[in-house]
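The structure appears right after this line, and notes come after that.
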2 protein chains.
Amino acid sequence: MQLKFFTDYGLRVLLYVAANDGRLVTIDEISRSYGISHEHLRKIVHKLAQSEFLATRRGKDGGMSLARPASEIRPGDVIEALEDVRTIIDCDRDPCPLRGVCRLRTALDDARDAFIDTMNKHTLADLVGGETGAKLSELQPAE
Amino acid sequence: MQLKFFTDYGLRVLLYVAANDGRLVTIDEISRSYGISHEHLRKIVHKLAQSEFLATRRGKDGGMSLARPASEIRPGDVIEALEDVRTIIDCDRDPCPLRGVCRLRTALDDARDAFIDTMNKHTLADLVGGETGAKLSELQPAE
DNA sequence: GACAAGATGCATATGTTAGACATCTGATAT
DNA sequence: ATATCAGATGTCTAACATATGCATCTTGTC
């Protein structure tokens, strides 16, 4: 019931990029800004690009931006893409004497759906800024 | 977003005991029945007893039984007791440039509550047996 | 008092996740 | 055209959490 560091920062990367709307942001900037490993962050960004949440551009003055508007990216979808969330327990892994009687698996599946659905009531846009409409750049100058 | 093996089997132990309603069940019986480590199961049982889901009895003909009726034990509460579920991410661990702007933490807390609440719509009694009212002993003789 | 069962604490193994490094590919500016 | 900057890829290592094992103690019942 903890998100992986990977997923946690996956969300934060997207929020950071959303808050710096428009501008191309580099891995280096984010890793310095959050104080986390450049190398590990690289893998997070790569996965986010593969999952089509980020668009990346190589080369000089490259960097990343959101692949879609922040108001169209839902955090539950991001979690599903970064975290293995499909089955919370595996009833087939070991012989289970309760098989056929037990509805634990169904209940857990429903609960997982409730989790994701609740996250998907939001978008990146309203998680960062929201009503106040504040931009990151106005609050905390990068570096 | 995976339950620990520990929590997963914590729930299954309770369901097993619930399905064997009334009878005292030993760690040894459960570990053989599920095919998992006796030693690890011991710790699970211990934690469940501490958390007042199980009542244990030492000595000859000892074993465990539910501390309360199966219809009064809710699986979401069990998960909360066995799994660290309080904060899914920790905003204070690293310096986060989004602090003050970002509502990710709140959204995750709401989602976690939705997860637990959904689990707590059930009780041990309806997860095992439920409408059919079938008892484990009728379906799969122990060993 | 002997035995069966859980309690406790420490030591070890395993697996997952995070971090580091070296090298390659692609895009842009000059 | 080429130098340079930024991401892509793959392998290796380190750190940490979790599961497992073992030895010993405690408690309750026969």
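All chains are named by letter (A, B, ...) in the order of the sequence lines, taking the proteins before the strands, and each is independently numbered beginning at 1.
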Touch class at under 4.0 angstrom, heavy-atom based, for B/Lys4 against every strand present: sugar-phosphate
With a 4.0 Å limit, can you tell me whether [X] has a side-chain N or O closer than that to the phosphate oxygens OP1/OP2 of [N]?
X	N	result
B/Arg42	D/dT20	no
B/Thr26	C/dA4	no
B/Ser37	D/dG21	yes

Which of the following nucleotides, [options], is nearest to the side chain of [X]?
X	options	answer
B/Lys43	C/dA22, C/dT28, D/dT20	D/dT20
B/Phe6	C/dG6, D/dA19, C/dA18	D/dA19
B/Arg58	C/dA20, D/dG28, D/dG21	D/dG28

Near-strand residues of residues 47-55 of chain B, defined as heavy-atom separation under 4.0 angstrom from DNA chain D: none
Sub-6.0 Å ring centroid separation between B/His40 and B/Phe5: yes
Residues A/Arg105, A/Asp109: salt bridge by 4.0 Å N-O rule: yes
B/Leu3 side chain near B/Tyr9 side chain, heavy-atom distance below 4.5 Å: no
Heavy-atom side-chain proximity of A/Arg58 to A/Thr56 below 4.5 angstrom: no
Nearest-nucleotide comparison on DNA chain D, the residue closer to the 5′ end among A/His46 and A/Gly62: A/Gly62
